[in-house]
There are 2 protein chains.
Amino acid sequence: MKDLTPATQKFILHWGEMGTKWGINRTVAQIHALLFIAERPLHAEEICGTLGVARSNVSNSLKELQNWGIVKVTHLPEDRRDHFESMKDVFEMFRVIITERKRREIDPTIAMLRECVEESARETGGAAIHTRQRLEQLQEFFELGVDFYEKVNRLETPTAVRLFRMGDKLFRLLGLKG
Amino acid sequence: MKDLTPATQKFILHWGEMGTKWGINRTVAQIHALLFIAERPLHAEEICGTLGVARSNVSNSLKELQNWGIVKVTHLPEDRRDHFESMKDVFEMFRVIITERKRREIDPTIAMLRECVEESARETGGAAIHTRQRLEQLQEFFELGVDFYEKVNRLETPTAVRLFRMGDKLFRLLGLKG
DNA sequence: CTCTAGTTTCTGTTTTTACAGAAATACAGA
DNA sequence: TCTGTATTTCTGTAAAAACAGAAACTAGAG
(Lines give C-alpha, C1' and ligand atoms only; values in the text may rest on other atoms or scores of the structure.)
Protein backbone atom coordinates (compact mmCIF):
# COMPACT_ATOMS: atom_id res chain seq x y z
CA MET A 1 0.00 0.00 0.00
CA LYS A 2 1.90 2.94 -1.27
CA ASP A 3 1.55 6.60 -0.44
CA LEU A 4 -0.97 6.17 2.33
CA THR A 5 -0.78 7.42 5.88
CA PRO A 6 -0.89 4.75 8.59
CA ALA A 7 -4.39 5.81 9.59
CA THR A 8 -5.64 5.46 6.04
CA GLN A 9 -4.03 2.07 5.68
CA LYS A 10 -5.58 0.85 8.86
CA PHE A 11 -8.97 2.07 7.75
CA ILE A 12 -8.75 0.43 4.33
CA LEU A 13 -7.68 -2.91 5.78
CA HIS A 14 -10.42 -2.89 8.39
CA TRP A 15 -13.03 -1.89 5.85
CA GLY A 16 -11.95 -4.80 3.69
CA GLU A 17 -12.40 -7.21 6.58
CA MET A 18 -15.78 -5.72 7.42
CA GLY A 19 -16.76 -6.28 3.82
CA THR A 20 -16.02 -9.98 3.97
CA LYS A 21 -18.15 -10.36 7.09
CA TRP A 22 -21.10 -8.82 5.28
CA GLY A 23 -20.71 -10.78 2.08
CA ILE A 24 -18.75 -8.15 0.18
CA ASN A 25 -15.54 -9.08 -1.59
CA ARG A 26 -12.49 -7.83 0.28
CA THR A 27 -10.93 -6.04 -2.69
CA VAL A 28 -14.22 -4.39 -3.57
CA ALA A 29 -14.51 -3.06 -0.04
CA GLN A 30 -10.90 -1.88 0.02
CA ILE A 31 -11.29 0.01 -3.22
CA HIS A 32 -14.43 1.56 -1.88
CA ALA A 33 -12.58 2.63 1.25
CA LEU A 34 -9.81 4.15 -0.82
CA LEU A 35 -12.18 6.09 -3.03
CA PHE A 36 -14.17 7.22 -0.03
CA ILE A 37 -11.06 8.69 1.56
CA ALA A 38 -9.55 10.06 -1.62
CA GLU A 39 -9.65 13.80 -2.10
CA ARG A 40 -10.08 13.55 -5.84
CA PRO A 41 -11.30 10.97 -8.36
CA LEU A 42 -8.73 8.24 -9.03
CA HIS A 43 -8.10 6.24 -12.17
CA ALA A 44 -7.74 2.49 -12.22
CA GLU A 45 -3.96 2.50 -12.48
CA GLU A 46 -3.62 4.59 -9.34
CA ILE A 47 -5.82 2.15 -7.46
CA CYS A 48 -3.70 -0.78 -8.67
CA GLY A 49 -0.55 0.94 -7.56
CA THR A 50 -1.86 2.05 -4.22
CA LEU A 51 -3.49 -1.20 -3.15
CA GLY A 52 -1.16 -3.52 -5.03
CA VAL A 53 -3.83 -5.57 -6.78
CA ALA A 54 -4.09 -6.61 -10.41
CA ARG A 55 -5.55 -4.36 -13.01
CA SER A 56 -8.31 -6.85 -13.89
CA ASN A 57 -9.29 -7.19 -10.29
CA VAL A 58 -9.61 -3.43 -9.99
CA SER A 59 -11.64 -3.26 -13.16
CA ASN A 60 -14.13 -5.86 -12.00
CA SER A 61 -14.36 -4.46 -8.52
CA LEU A 62 -15.04 -0.98 -9.86
CA LYS A 63 -17.81 -2.35 -12.00
CA GLU A 64 -19.27 -4.03 -8.93
CA LEU A 65 -19.16 -0.76 -7.01
CA GLN A 66 -20.88 0.98 -9.87
CA ASN A 67 -23.59 -1.68 -9.86
CA TRP A 68 -24.11 -0.97 -6.19
CA GLY A 69 -24.47 2.68 -7.16
CA ILE A 70 -21.95 4.08 -4.71
CA VAL A 71 -19.14 4.79 -7.16
CA LYS A 72 -19.41 6.89 -10.31
CA VAL A 73 -17.19 7.48 -13.29
CA THR A 74 -16.04 11.00 -14.03
CA HIS A 75 -13.76 12.43 -16.67
CA LEU A 76 -11.18 15.08 -16.21
CA PRO A 77 -10.31 17.51 -18.96
CA GLU A 78 -7.10 16.60 -20.78
CA ASP A 79 -7.32 12.99 -19.63
CA ARG A 80 -8.92 10.16 -21.52
CA ARG A 81 -8.85 7.77 -18.59
CA ASP A 82 -11.93 6.99 -16.53
CA HIS A 83 -11.72 8.38 -13.05
CA PHE A 84 -13.70 6.97 -10.18
CA GLU A 85 -15.27 8.71 -7.27
CA SER A 86 -17.21 7.42 -4.28
CA MET A 87 -20.28 9.00 -2.81
CA LYS A 88 -19.12 11.10 0.09
CA ASP A 89 -22.28 11.74 2.08
CA VAL A 90 -22.24 8.82 4.50
CA PHE A 91 -25.94 8.81 5.21
CA GLU A 92 -26.83 8.90 1.52
CA MET A 93 -24.30 6.19 0.83
CA PHE A 94 -25.83 3.78 3.30
CA ARG A 95 -29.25 4.67 2.07
CA VAL A 96 -28.15 3.51 -1.38
CA ILE A 97 -26.55 0.36 -0.02
CA ILE A 98 -29.60 -0.56 2.02
CA THR A 99 -31.89 0.10 -0.90
CA GLU A 100 -29.81 -2.19 -3.05
CA ARG A 101 -29.65 -4.99 -0.51
CA LYS A 102 -33.39 -4.75 -0.09
CA ARG A 103 -33.87 -5.04 -3.83
CA ARG A 104 -31.46 -7.94 -4.21
CA GLU A 105 -32.14 -9.92 -1.08
CA ILE A 106 -35.06 -8.83 1.03
CA ASP A 107 -37.66 -8.45 -1.71
CA PRO A 108 -36.92 -11.89 -3.17
CA THR A 109 -37.06 -13.35 0.32
CA ILE A 110 -40.48 -11.88 0.94
CA ALA A 111 -41.62 -13.25 -2.41
CA MET A 112 -40.25 -16.67 -1.48
CA LEU A 113 -42.01 -16.59 1.88
CA ARG A 114 -45.26 -15.66 0.23
CA GLU A 115 -44.95 -18.61 -2.14
CA CYS A 116 -44.07 -20.99 0.66
CA VAL A 117 -46.99 -19.80 2.76
CA GLU A 118 -49.35 -20.36 -0.15
CA GLU A 119 -47.87 -23.75 -0.84
CA SER A 120 -48.12 -24.90 2.73
CA ALA A 121 -51.66 -23.59 2.88
CA ARG A 122 -52.49 -26.10 0.17
CA GLU A 123 -50.71 -28.93 1.95
CA THR A 124 -52.63 -30.98 4.50
CA GLY A 125 -51.83 -32.05 8.03
CA GLY A 126 -50.85 -30.45 11.31
CA ALA A 127 -47.22 -30.05 10.34
CA ALA A 128 -48.15 -27.96 7.33
CA ILE A 129 -50.26 -25.66 9.49
CA HIS A 130 -47.40 -25.25 11.89
CA THR A 131 -44.97 -24.53 9.07
CA ARG A 132 -47.29 -21.99 7.58
CA GLN A 133 -47.59 -20.12 10.84
CA ARG A 134 -43.84 -19.90 11.28
CA LEU A 135 -43.34 -18.66 7.76
CA GLU A 136 -46.10 -16.12 8.16
CA GLN A 137 -44.42 -14.70 11.22
CA LEU A 138 -41.19 -14.36 9.31
CA GLN A 139 -42.96 -12.74 6.41
CA GLU A 140 -44.69 -10.32 8.73
CA PHE A 141 -41.35 -9.35 10.24
CA PHE A 142 -39.73 -8.65 6.89
CA GLU A 143 -42.73 -6.68 5.72
CA LEU A 144 -42.62 -4.61 8.88
CA GLY A 145 -38.98 -3.86 8.17
CA VAL A 146 -39.66 -2.90 4.58
CA ASP A 147 -42.53 -0.63 5.58
CA PHE A 148 -40.35 1.18 8.06
CA TYR A 149 -37.57 1.47 5.53
CA GLU A 150 -39.92 2.97 3.00
CA LYS A 151 -41.21 5.51 5.45
CA VAL A 152 -37.75 6.61 6.48
CA ASN A 153 -36.55 6.59 2.91
CA ARG A 154 -39.13 9.17 1.94
CA LEU A 155 -37.62 11.64 4.38
CA GLU A 156 -34.91 14.10 3.49
CA THR A 157 -31.62 13.13 5.04
CA PRO A 158 -31.59 15.79 7.78
CA THR A 159 -35.11 14.85 8.83
CA ALA A 160 -34.23 11.17 8.98
CA VAL A 161 -31.18 11.98 11.07
CA ARG A 162 -33.40 13.95 13.44
CA LEU A 163 -35.64 10.89 13.73
CA PHE A 164 -32.75 8.65 14.67
CA ARG A 165 -31.41 11.18 17.13
CA MET A 166 -34.74 11.75 18.75
CA GLY A 167 -34.75 10.35 22.21
CA ASP A 168 -37.27 11.04 24.92
CA LYS A 169 -39.80 12.64 22.64
CA LEU A 170 -40.09 9.40 20.76
CA PHE A 171 -40.70 7.41 23.89
CA ARG A 172 -43.26 9.85 25.15
CA LEU A 173 -45.07 9.53 21.87
CA LEU A 174 -45.19 5.82 22.41
CA GLY A 175 -46.77 6.46 25.80
CA LEU A 176 -43.86 5.02 27.69
CA LYS A 177 -40.99 5.98 29.84
CA GLY A 178 -37.68 5.22 28.10
CA MET B 1 -33.52 -33.55 2.06
CA LYS B 2 -35.71 -36.20 3.52
CA ASP B 3 -39.13 -35.94 5.07
CA LEU B 4 -39.71 -32.32 4.26
CA THR B 5 -42.61 -30.76 2.42
CA PRO B 6 -41.74 -28.89 -0.78
CA ALA B 7 -42.46 -25.56 0.91
CA THR B 8 -40.12 -26.35 3.77
CA GLN B 9 -37.40 -27.46 1.39
CA LYS B 10 -37.70 -24.30 -0.62
CA PHE B 11 -37.51 -22.22 2.51
CA ILE B 12 -34.42 -24.01 3.84
CA LEU B 13 -32.57 -23.70 0.54
CA HIS B 14 -33.40 -20.02 0.19
CA TRP B 15 -32.44 -19.30 3.77
CA GLY B 16 -29.10 -20.97 3.15
CA GLU B 17 -28.47 -18.76 0.14
CA MET B 18 -29.49 -15.67 2.08
CA GLY B 19 -26.99 -16.68 4.71
CA THR B 20 -24.10 -16.75 2.29
CA LYS B 21 -24.99 -13.26 1.04
CA TRP B 22 -24.77 -11.95 4.59
CA GLY B 23 -21.58 -13.71 5.53
CA ILE B 24 -23.20 -16.70 7.21
CA ASN B 25 -22.12 -20.22 6.32
CA ARG B 26 -24.70 -21.92 4.12
CA THR B 27 -24.99 -25.04 6.29
CA VAL B 28 -25.30 -22.95 9.44
CA ALA B 29 -28.15 -21.02 7.89
CA GLN B 30 -29.87 -24.16 6.63
CA ILE B 31 -29.73 -25.81 10.02
CA HIS B 32 -31.11 -22.68 11.55
CA ALA B 33 -33.95 -22.70 9.05
CA LEU B 34 -34.72 -26.32 9.83
CA LEU B 35 -34.76 -25.76 13.58
CA PHE B 36 -36.85 -22.66 13.15
CA ILE B 37 -39.50 -24.59 11.26
CA ALA B 38 -39.31 -27.74 13.37
CA GLU B 39 -42.18 -28.40 15.74
CA ARG B 40 -39.96 -30.00 18.36
CA PRO B 41 -36.28 -29.99 19.31
CA LEU B 42 -34.16 -32.13 17.00
CA HIS B 43 -31.01 -34.05 17.75
CA ALA B 44 -27.89 -33.88 15.61
CA GLU B 45 -28.48 -37.17 13.87
CA GLU B 46 -31.90 -36.08 12.66
CA ILE B 47 -30.40 -32.92 11.23
CA CYS B 48 -27.74 -34.95 9.40
CA GLY B 49 -30.36 -37.24 7.96
CA THR B 50 -32.74 -34.49 6.95
CA LEU B 51 -30.24 -32.14 5.35
CA GLY B 52 -27.76 -34.77 4.20
CA VAL B 53 -24.64 -33.18 5.65
CA ALA B 54 -21.86 -34.75 7.68
CA ARG B 55 -22.13 -35.22 11.38
CA SER B 56 -19.08 -33.06 12.08
CA ASN B 57 -20.44 -30.28 9.97
CA VAL B 58 -23.69 -30.35 11.91
CA SER B 59 -21.82 -30.35 15.19
CA ASN B 60 -19.76 -27.30 14.31
CA SER B 61 -22.69 -25.46 12.80
CA LEU B 62 -24.78 -26.06 15.91
CA LYS B 63 -22.02 -24.69 18.05
CA GLU B 64 -21.89 -21.63 15.84
CA LEU B 65 -25.64 -21.13 16.20
CA GLN B 66 -25.31 -21.44 19.95
CA ASN B 67 -22.57 -18.82 19.90
CA TRP B 68 -24.93 -16.53 18.09
CA GLY B 69 -27.42 -17.22 20.84
CA ILE B 70 -30.33 -18.21 18.64
CA VAL B 71 -30.22 -21.97 19.24
CA LYS B 72 -30.33 -23.69 22.61
CA VAL B 73 -29.73 -27.22 23.81
CA THR B 74 -32.51 -29.06 25.59
CA HIS B 75 -32.80 -32.55 26.94
CA LEU B 76 -35.78 -34.81 26.71
CA PRO B 77 -36.58 -37.33 29.41
CA GLU B 78 -35.46 -40.87 28.54
CA ASP B 79 -33.00 -39.57 25.96
CA ARG B 80 -29.35 -38.85 26.58
CA ARG B 81 -28.87 -37.05 23.32
CA ASP B 82 -28.67 -33.28 23.07
CA HIS B 83 -31.65 -31.79 21.33
CA PHE B 84 -31.56 -28.41 19.66
CA GLU B 85 -34.20 -25.78 19.41
CA SER B 86 -34.27 -22.40 17.70
CA MET B 87 -35.76 -19.26 19.11
CA LYS B 88 -39.21 -18.95 17.67
CA ASP B 89 -40.14 -15.32 18.27
CA VAL B 90 -38.93 -13.69 15.07
CA PHE B 91 -38.58 -10.22 16.48
CA GLU B 92 -36.60 -11.44 19.48
CA MET B 93 -34.48 -13.57 17.22
CA PHE B 94 -33.43 -10.68 15.03
CA ARG B 95 -32.89 -8.58 18.08
CA VAL B 96 -30.36 -11.17 19.25
CA ILE B 97 -28.73 -11.38 15.83
CA ILE B 98 -28.41 -7.62 15.51
CA THR B 99 -27.02 -7.33 19.01
CA GLU B 100 -24.41 -9.93 18.20
CA ARG B 101 -23.40 -8.34 14.90
CA LYS B 102 -23.10 -5.02 16.66
CA ARG B 103 -20.85 -6.55 19.27
CA ARG B 104 -18.69 -8.40 16.77
CA GLU B 105 -18.50 -5.93 13.94
CA ILE B 106 -19.92 -2.50 14.59
CA ASP B 107 -18.33 -1.82 17.98
CA PRO B 108 -14.83 -2.76 16.76
CA THR B 109 -15.37 -0.62 13.69
CA ILE B 110 -16.25 2.39 15.79
CA ALA B 111 -13.17 1.76 17.92
CA MET B 112 -11.03 1.54 14.80
CA LEU B 113 -12.49 4.77 13.45
CA ARG B 114 -11.80 6.51 16.72
CA GLU B 115 -8.18 5.38 16.60
CA CYS B 116 -7.77 6.42 13.00
CA VAL B 117 -9.27 9.83 13.69
CA GLU B 118 -6.86 10.34 16.57
CA GLU B 119 -3.96 9.16 14.51
CA SER B 120 -4.75 11.44 11.60
CA ALA B 121 -5.26 14.30 14.00
CA ARG B 122 -1.61 13.89 14.91
CA GLU B 123 -0.50 13.70 11.30
CA THR B 124 0.27 16.91 9.48
CA GLY B 125 -0.77 18.25 6.11
CA GLY B 126 -3.97 18.99 4.23
CA ALA B 127 -4.51 15.38 3.25
CA ALA B 128 -4.56 14.28 6.87
CA ILE B 129 -7.18 16.90 7.71
CA HIS B 130 -9.31 15.74 4.83
CA THR B 131 -8.94 12.11 5.87
CA ARG B 132 -9.86 12.91 9.43
CA GLN B 133 -13.01 14.67 8.37
CA ARG B 134 -14.17 11.74 6.25
CA LEU B 135 -13.50 9.28 9.04
CA GLU B 136 -15.30 11.48 11.54
CA GLN B 137 -18.38 11.51 9.34
CA LEU B 138 -18.30 7.74 9.18
CA GLN B 139 -17.84 7.47 12.91
CA GLU B 140 -20.72 9.85 13.50
CA PHE B 141 -22.94 7.73 11.29
CA PHE B 142 -22.14 4.50 13.10
CA GLU B 143 -22.62 6.13 16.46
CA LEU B 144 -25.98 7.44 15.37
CA GLY B 145 -26.96 3.93 14.38
CA VAL B 146 -25.79 2.48 17.67
CA ASP B 147 -27.66 5.12 19.66
CA PHE B 148 -30.85 4.37 17.82
CA TYR B 149 -30.35 0.64 18.27
CA GLU B 150 -29.85 1.07 21.99
CA LYS B 151 -32.96 3.14 22.34
CA VAL B 152 -35.10 0.66 20.46
CA ASN B 153 -33.50 -2.24 22.24
CA ARG B 154 -34.65 -0.93 25.59
CA LEU B 155 -38.28 -1.23 24.48
CA GLU B 156 -40.39 -4.29 25.02
CA THR B 157 -41.02 -6.10 21.76
CA PRO B 158 -44.66 -5.03 21.32
CA THR B 159 -43.72 -1.41 21.91
CA ALA B 160 -40.89 -1.59 19.40
CA VAL B 161 -43.23 -3.13 16.88
CA ARG B 162 -45.64 -0.28 17.45
CA LEU B 163 -42.83 2.16 16.78
CA PHE B 164 -41.98 0.54 13.47
CA ARG B 165 -45.61 0.38 12.46
CA MET B 166 -46.25 3.96 13.37
CA GLY B 167 -46.82 5.99 10.27
CA ASP B 168 -48.28 9.44 10.10
CA LYS B 169 -47.99 10.10 13.79
CA LEU B 170 -44.26 9.74 13.57
CA PHE B 171 -44.02 12.21 10.73
CA ARG B 172 -46.24 14.68 12.46
CA LEU B 173 -43.99 14.44 15.46
CA LEU B 174 -41.11 15.37 13.24
CA GLY B 175 -43.09 18.37 12.11
CA LEU B 176 -43.32 17.17 8.53
CA LYS B 177 -45.72 15.83 6.02
CA GLY B 178 -44.77 12.24 5.11
C1' DC C 1 -13.97 -50.66 35.75
C1' DT C 2 -15.81 -51.45 31.23
C1' DC C 3 -18.89 -50.91 27.71
C1' DT C 4 -21.67 -48.14 24.76
C1' DA C 5 -23.94 -44.21 22.90
C1' DG C 6 -23.00 -39.47 22.12
C1' DT C 7 -20.21 -35.60 20.95
C1' DT C 8 -16.23 -33.01 19.55
C1' DT C 9 -11.79 -32.44 17.37
C1' DC C 10 -8.60 -33.39 13.84
C1' DT C 11 -7.03 -34.24 9.10
C1' DG C 12 -7.27 -34.58 4.33
C1' DT C 13 -10.28 -33.63 0.26
C1' DT C 14 -13.40 -31.05 -2.46
C1' DT C 15 -15.47 -26.98 -3.84
C1' DT C 16 -15.71 -22.30 -4.23
C1' DT C 17 -13.99 -17.84 -4.53
C1' DA C 18 -10.50 -14.53 -5.42
C1' DC C 19 -7.08 -13.20 -8.14
C1' DA C 20 -3.15 -12.22 -11.66
C1' DG C 21 -1.63 -11.98 -16.23
C1' DA C 22 -2.53 -12.41 -20.99
C1' DA C 23 -5.40 -11.74 -24.75
C1' DA C 24 -9.02 -9.32 -26.90
C1' DT C 25 -11.63 -5.32 -27.60
C1' DA C 26 -12.80 -0.37 -27.85
C1' DC C 27 -11.73 4.04 -29.02
C1' DA C 28 -9.73 8.64 -29.65
C1' DG C 29 -6.45 11.22 -32.35
C1' DA C 30 -3.23 11.50 -36.15
C1' DT D 1 -7.14 3.81 -41.68
C1' DC D 2 -3.53 3.21 -38.48
C1' DT D 3 -1.57 3.66 -33.82
C1' DG D 4 -1.12 4.04 -29.14
C1' DT D 5 -3.70 4.11 -24.86
C1' DA D 6 -7.42 2.55 -21.97
C1' DT D 7 -10.57 -1.00 -20.62
C1' DT D 8 -12.80 -5.42 -20.35
C1' DT D 9 -13.01 -10.34 -20.82
C1' DC D 10 -10.95 -14.74 -20.57
C1' DT D 11 -8.20 -18.44 -18.57
C1' DG D 12 -5.41 -20.72 -15.46
C1' DT D 13 -3.68 -20.57 -10.64
C1' DA D 14 -3.65 -19.71 -5.82
C1' DA D 15 -5.94 -19.12 -1.59
C1' DA D 16 -9.69 -19.82 1.39
C1' DA D 17 -13.70 -21.95 2.93
C1' DA D 18 -16.65 -25.81 3.43
C1' DC D 19 -17.02 -30.30 4.19
C1' DA D 20 -16.74 -35.63 5.13
C1' DG D 21 -14.93 -39.33 7.62
C1' DA D 22 -12.04 -41.04 11.11
C1' DA D 23 -10.12 -40.71 15.46
C1' DA D 24 -10.33 -39.08 20.07
C1' DC D 25 -12.68 -37.94 23.86
C1' DT D 26 -16.76 -37.86 27.46
C1' DA D 27 -20.02 -39.50 30.29
C1' DG D 28 -23.83 -42.55 31.92
C1' DA D 29 -25.19 -47.49 32.82
C1' DG D 30 -24.14 -51.80 34.28
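Below, chain A is the first sequence line, B the second, and so on; all start at residue 1.
Residues meeting the salt bridge (charged side-chain N to carboxylate O under 4.0 Å, His left out) test with Glu123(A), sequence neighbours left out: none.
A 4.5 Å side-chain heavy-atom check between Asp3(B) and Thr50(B) finds every atom pair outside the cut-off.
Scanning all heavy atoms of the two residues, the minimum distance from Cys116(B) to Phe11(A) falls at SG-N, 4.0 Å. The two residues Glu100(B) and Asn67(B) come nearest to each other via the heavy atoms OE2-O, 4.1 Å.
A salt bridge does not link Glu118(B) with Arg114(B): every distance from a Lys NZ or Arg NE/NH1/NH2 to an Asp or Glu carboxylate oxygen is 4.0 Å or more. Residues Arg122(B) and Glu119(B) are not paired through a salt bridge, judged by the lack of any N-O separation under 4.0 Å between the basic side chain and the carboxylate. Arg40(A) has a carboxylate O that lies under 4.0 Å from a charged side-chain N of Glu46(A), or vice versa, which qualifies the two as a salt bridge.
Leu155(B) and Ile98(B) are members of different hydrophobic clusters when ILVMFWY side chains are connected at heavy-atom separations under 4.5 Å. Linking ILVMFWY residues whenever their side-chain heavy atoms come closer than 4.5 Å, directly or via other members, places Ile70(B) and Val58(B) in the same cluster.
Note on residues 22-39 of chain B: pairs passing side chain to side chain donor-acceptor pair (under 3.5 Å), not counting sequence neighbours, are Glu105(A)-Trp22(B), Trp15(B)-His32(B), Glu17(B)-Arg26(B).
Contact check of residues 56-67 of chain A against DNA chain C (heavy atom, cut-off under 4.0 Å) returns Ser56(A), Asn57(A). Contact check of residues 74-85 of chain A against DNA chain D (heavy atom, cut-off under 4.0 Å) returns Arg80(A), Arg81(A), Asp82(A). Proximity of residues 24-55 of chain A to DNA chain C (heavy atom under 4.0 angstrom from any strand atom) is restricted to Asn25(A), Thr27(A), Gly52(A), Val53(A), Ala54(A).
One side chain, Asp82(B) or His75(B), offers a donor N or O that lies under 3.5 Å from an acceptor on the other.
Bracketed by its first and final contacts, the part of DNA chain D lying under 4.0 Å from non-hydrogen atoms of chain B reaches from dA18(D) to dA27(D) in 5' to 3' order.
Between Asp107(B) atom CG and Lys102(B) atom NZ the span is 3.5 Å, to the nearest 0.5 Å.
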